Structures are given as structure tokens and as C-alpha cells.
There are 2 protein chains.
Amino acid sequence: MSREAQFLTAIHSNGLRMTRQRQLILEVLEASQEHLDAEAIHDRVKARDPRIGLATVYRTLALLKAMGLVKEHSLGEEHGHFEMVQKVPHYHFTCIGCRQVIEFEASAVMEAVQSLIDREGVQVMDVHLSLTGYCSNCREERATNHEVKVEV
Amino acid sequence: MSREAQFLTAIHSNGLRMTRQRQLILEVLEASQEHLDAEAIHDRVKARDPRIGLATVYRTLALLKAMGLVKEHSLGEEHGHFEMVQKVPHYHFTCIGCRQVIEFEASAVMEAVQSLIDREGVQVMDVHLSLTGYCSNCREERATNHEVKVEV
DNA sequence: GCACCTATTGATAATAATTCTCATTATCAA
DNA sequence: TTGATAATGAGAATTATTATCAATAGGTGC
């Protein structure tokens, strides 16, 4: 089942309605391989329909998250970034220097999560692994600068 | 070296000054095994010196984070929670129902991080693994309620 | 101990991200 | 086509955090 069909099914089975706005926001998310924030999604959606408000973007993202179709990441920033949920779970490394994001897979993570489930009997709804640091380029730059001071 | 001594050394080697406020905030953090947010830390510090402002708490937390003595977690909420860095890395599961936090260790996580370092040549400054879901109690409650609706 | 330089503080204004409010519009079942 | 009500847009409100700035207080040299 396509994600659009999944969305439609989830919407109808909850007594909700499919709207042009929800349709467009889903399309923007599906078309992008990046990790857009709400503002960026709003910009792209507005390009197709200038009347859509930012609040609707937030509302739809909350809905998609609740349905498990979208994940939110912090990526070392103070505001959220969003992406469609993939089949294989993956995680993010964000460079503090150049803000680039490196995605990576690591089956060991879900194994560790499973052992927590086995031990504690919890039900895990969301797994969030996020690394920050310096990519190899920014790492070299910093090394030559001999930074020792604490930067607050 | 005690954490207090570490803090003092880091402060002096950066041309900064040790103050009563910084001292108190560090003591509050060390005395607590919980994951306090800035407001809670402020409350506890005020009990010992009512003049201390919230801004100073945030400034000191930022300083301690930059020095690697304190870690900030989101714990599924929209504001930060803080704790002293421990020798052995550990992670957090937060129950959406009762807000309880379960801490757990998982050496597999740092192994996965190491393999990313080896592969990409990145320098990792911070690792953040956070799970949300329902603890065994809340899980059972939900099961008997037969919830199917999407809650936004 | 005293004075000086300037890091730090407290109080509060400002900012940023997100959520809420409410009158208006639009979906969709009958 | 109509009616009930879900959803929207615009902007106000909220929340967490950061910035501003005059007053205060570490800590170094005398």
C-alpha cells in the first residue's frame, strides 16, 4: 500500500477528512530526501498554494507523526526537522561546523532496544538516536586552529 | 579528580571565575539522581539563595555542557532536562503515560558509533539515544481500553 | 587589605518555535 | 444538495531559552 493510500485509510478510519492541504504537505514530504523543518515545508507547499498557513503545516505534521508516517528529529538544533518513515530504521549524525547530516544504519541499536523490551516489558513507540560532532573536513580545520577554549 | 575540582580547573584555565551561584548549581546537580529541568534546578538553588536568577541557571548549564560535565536530554518533552555526565554512558526510555524514566546501558550503541567514526572519519561530540513509549503498567491499561483512534 | 579590571549576575525584554482561538470554509455521508 | 462538523487561515498566546545592560563581585597586583 502506498503511503498516500495509508494516509487516506488512517484518515477515514478515524472520522477525519482528506483535504487539499494535507495532500500537498504529504507530497512535499515524499518528494524530498532532506530533513525539512516546518518553515521549509511551508515554503514548498506555498509555492503550490499560497493560501496555506503555517499552523496547518504543524497540524498535519502532528497528524502524520501520530499515524507513524513521519518522524521528527532535532538534528542538534532547537527546532524540529521532519522526514517520511523509511522501511529500514536509520539514524543521524549532524556536523556542528557545516550542519551537514550523515545518515547511517545500525542494526545493533534495535537489538539493544529489543533487549530492553524483553527485560522491562515496555512498549517502544519511538527510537531516536542522534549524534553531533564534526565531520572529517571540519575536524581537520579545527585541529589546525588549536582550539582549547570552552565556547559557550 | 572530583567534578568540583574539574569544574574549577576548567574555569580557571579559561579565564573565568568561580562564583557562589555556579558552586550551588553544581551542588544541586550532583545531589540529584533525577533529570531536572532548568526550572526545577532554579527552585532547588533558590532554596539556598533566593536571589539567584533563572538566567544564571541557564548560563551555568550551558557552561557545564560545553565543558562536558553535564548532558541535556529531551525525554520526549519540549524542554530540556539535565544530568551530570556518568562514567558509563546510559540512555533513557520515557513513558508517555506516566512520564517515568527508565535508564539503561547498551554497549552496542557505542560500538555502532565507533563503526561510524571508523567509516566516516567524523569526531563524535555527543551521543543521544532516547526511547519513548509505554511502560509495562501503562501498556496494560491501554490494552484494556482498546484504543485505536489516532490522538493528535 | 585595597583598588582595579572585567567576568558575572539579576531583572526583564526579546526571540523562536509551536500551539491555541475562533470565525469562516470545505469535506463527505445521507 | 444539504447539513453536520472537521479543517483552515490569521494572528494571538504560550513556552523555553537567549540577549541586554546597569550593578555587583571575583581575583590579581600592589
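Chain naming here is simple, since letters A, B, ... match the order of the sequence lines and numbering starts at 1 in each. These figures come from a predicted structure and were not determined experimentally.
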Any salt bridge linking B:Glu34 with B:Arg44? Criterion: basic side-chain nitrogen under 4.0 Å from a carboxylate oxygen.
yes
Check this one for me: any side-chain N or O of [X] less than 4.0 Å away from OP1 or OP2 of [N]?
X       : N      : value
B:Thr19 : D:dA25 : no
B:Tyr58 : D:dT18 : no
A:His12 : C:dC28 : yes

Comparing B:Leu8 with A:Asp49, nearest DNA chain D nucleotide closer to 5' gives the residue A:Asp49
Pick the nucleotide of DNA chain D nearest each of A:Thr60 and B:Asp37; which residue has the one closer to the 5' end?
A:Thr60
Rounded off to whole Å, could you give me the [atom1]-to-[atom2] distance for the [X] and [N] pair?
X       : N      : atom1 : atom2 : answer
B:Leu24 : C:dG10 : CG    : C1'   : 15 Å
A:Ile25 : D:dA7  : CD1   : P     : 13 Å
A:Ile11 : C:dA26 : CD1   : P     : 17 Å
A:Arg51 : C:dA26 : CZ    : C1'   : 13 Å
B:His81 : D:dT17 : NE2   : P     : 9 Å
A:His42 : D:dT8  : NE2   : P     : 12 Å
B:Leu75 : D:dA16 : CG    : C1'   : 15 Å
A:Met18 : D:dT8  : CE    : P     : 10 Å

Who does C:dA29 pair with, Watson-Crick or G-U, both distances under 3.5 Å?
D:dT2
May I have the step-by-step check of side chain to side chain donor-acceptor pair (under 3.5 Å) for B:Glu141 and B:Asn137, ending in yes or no?
CA-CA 6 Å; B:Glu141 274 181 36; B:Asn137 283 340; over 6 Å; no
Does the B:Lys65 side chain pair with the main chain of B:Phe82, one donor and one acceptor, at a distance under 3.5 Å?
no
Heavy atoms under 4.0 Å, any strand shown: does B:Gln21 hit a base, just sugar-phosphate, or nothing?
sugar-phosphate
May I ask you to say what A:Arg20 touches in the nucleic acid, namely base, sugar-phosphate or nothing, with a heavy-atom cut-off under 4.0 Å?
nothing
Among the nucleotides [options], which one has an atom lying closest to any side-chain atom of [X]?
X       : options               : result
B:Arg17 : C:dT9, C:dC28, D:dG27 : D:dG27
B:Arg59 : D:dT8, C:dT8, C:dT9   : C:dT9
A:Glu78 : C:dA17, C:dG10, C:dT8 : C:dA17
A:Leu54 : C:dT21, D:dA6, C:dT18 : C:dT18

For the student: nearest non-hydrogen atoms of A:Pro89 and A:Met110, plus distance:
CG-CG, 4.1 Å
Select from B:Arg22 and B:Ala55 the residue whose nearest nucleotide in DNA chain C is closer to the 5' end of that strand.
B:Arg22
Is any side-chain heavy atom of B:Leu69 closer than 4.5 Å to a side-chain heavy atom of B:Phe7?
yes
Passing candidate, ring pair (Phe, Tyr, Trp, His ring centres under 6.0 Å) with A:His92, options A:His35, A:His81, A:His128:
A:His35
